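One structure is given here, and the rest of the page talks about it.
Computed from a predicted structure; not experimentally measured. Residue numbering restarts at 1 for every chain, and letters A, B, ... go by the order of the sequence lines.
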Amino acid sequence: MDLARFLIGAAIVRDDPSGRRALRIVETEAYLPGDAAAHSYRGETPRNRSLFLRPGYAYVYFIYGTWFCLNVSAEAAGVGAGVLLRAGEPLTGIAAMERSRPGAVLRDLARGPGRLAAALDVTRAQDGLDLCAPGPLWLAAPRGAAPRIGKSVRIGVTLEKHRELRFYERDSRFVSGPRRINL
DNA sequence: AAGAAGATTCGCT
DNA sequence: GCGAATCTTCTTA
């Protein structure tokens, strides 16, 4: 949960043969230990094992047979928890992102978790990567003034729906969702 | 062994 | 606004 707040304003960087792409993270959700809505809730499986790594590793899952979503593992080794990256503001490599997201306008390139992963060409191939070390996918610490952060209930979850574990940059137009709850 | 639901998005009505 | 796409895991038989 602290990590989810900290990541607002940080950057997720993708380096691959098509060049460098970077997004400013503007929206996250925390999935805690003992959280019935978390993929790690029912224990470790082949799909979610990355959530049980120590903090800072990529957990990528395939959802609804169509999209990938990118998370950052959040708790000590052996404890299942993570932060879902829900939306980002394109910083660099915008042309490459547009190539990966045909038809999307700038504001929609990474506005939503499935879109964010698609804009960066993140798939299960990047699952388990250390995001705190140099590599094809990594995190850059927040820079500049601390953003104004809002919180709300998580989007799309039915379990533990009352918990306010979604965080977003209040002043960003790149935040996902038709609504901004608890402004 | 089979069916349902889920941390989503897009296209058509 | 609704349905499709079709993976992983859980539930029920």
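With rounding to whole Å, Y59(A) atom OH is found 11 Å from dC7(C) atom C1'. In this structure, H39(A) atom NE2 and dC7(C) atom P are separated by 16 Å, rounded to whole Å. Going from atom CD of E29(A) over to atom P of dG6(B) covers 15 Å, rounded to whole Å. Between the CG atom of L116(A) and the C1' atom of dT9(B) there is a distance of 14 Å, rounded to whole Å. Note: CD1 (I63(A)) to C1' (dA4(B)) measures 14 Å, nearest angstrom. We find that CG of L85(A) is positioned 14 Å from P of dT8(B), with the value rounded to whole Å.
Each of D108(A) and T158(A) has a nearest nucleotide on DNA chain B; the 5'-most of these lies closest to T158(A). Remark on DNA chain B: of its neighbouring residues P102(A) and A38(A), the 5'-side contact belongs to A38(A), judged by nearest-heavy-atom nucleotide.
Listed by first and then second residue, the salt bridge (Lys or Arg N to Asp or Glu O under 4.0 Å) pairs that reach into residues 48-76 of chain A are R49(A)-D127(A), sequence neighbours excluded.
Of the nucleotides present, none pairs with dT6(C) by Watson-Crick or G-U wobble criteria with both distances under 3.5 Å. Both distances falling under 3.5 Å, in either a Watson-Crick or a G-U wobble arrangement, occur for no nucleotide opposite dA7(B).
Phosphate contact (OP1/OP2 of dT9(B), side-chain N/O of R101(A), threshold under 4.0 Å): absent. An OP1 or OP2 oxygen of dT8(B) is reached within less than 4.0 angstrom by a side-chain nitrogen or oxygen of R86(A).
Looking at D2(A) and R5(A), no side-chain N of the basic residue comes within less than 4.0 Å of a carboxylate O on the acidic one, giving no salt bridge. The residues R154(A) and E160(A) are annotated as not salt-bridged, no charged nitrogen and carboxylate oxygen being separated by less than 4.0 angstrom. The pair R21(A)-D121(A) meets the salt-bridge criterion, with a side-chain N (NZ, NE, NH1 or NH2) lying under 4.0 Å from an Asp/Glu carboxylate O.
For the C1' atom pair drawn from dG1(C) and dA7(B), the interatomic distance equals 22 Å after rounding to whole Å. Rounded to whole Å, the separation between the C1' atoms of dT8(C) and dC10(B) comes to 22 Å. Nucleotides dA4(C) and dA4(B) have their P atoms positioned 14 Å apart, rounded to a whole Å.
Considering CD of E27(A) and CD1 of I25(A), their distance stands at 11.5 Å, rounded to 0.5 Å. Atoms OG and CD, on S100(A) and E98(A) in that order, are 10.0 Å from each other to the nearest 0.5 Å. Rounded to the nearest 0.5 angstrom, D35(A) CG and L165(A) CG are separated by 6.5 Å.
Linking Ile, Leu, Val, Met, Phe, Trp and Tyr whenever their side-chain heavy atoms come within less than 4.5 Å leaves L70(A) and Y57(A) in two separate clusters.
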Per-nucleotide protein contact string for nucleotides 8-13 of chain C (B base, S sugar-phosphate only, - none; heavy atom under 4.0 Å)
SSSS--
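The number of heavy atoms from other shown groups lying within 6.0 Å of OH (Y41(A)) does not exceed 12.
Using a 4.0 Å cutoff on non-hydrogen atoms, the parts of residues 64-76 of chain A near DNA chain B are Y64(A), W67(A), N71(A), ordered by number.
In this structure, Y31(A) has its ring center no closer than 6.0 Å to that of H39(A).
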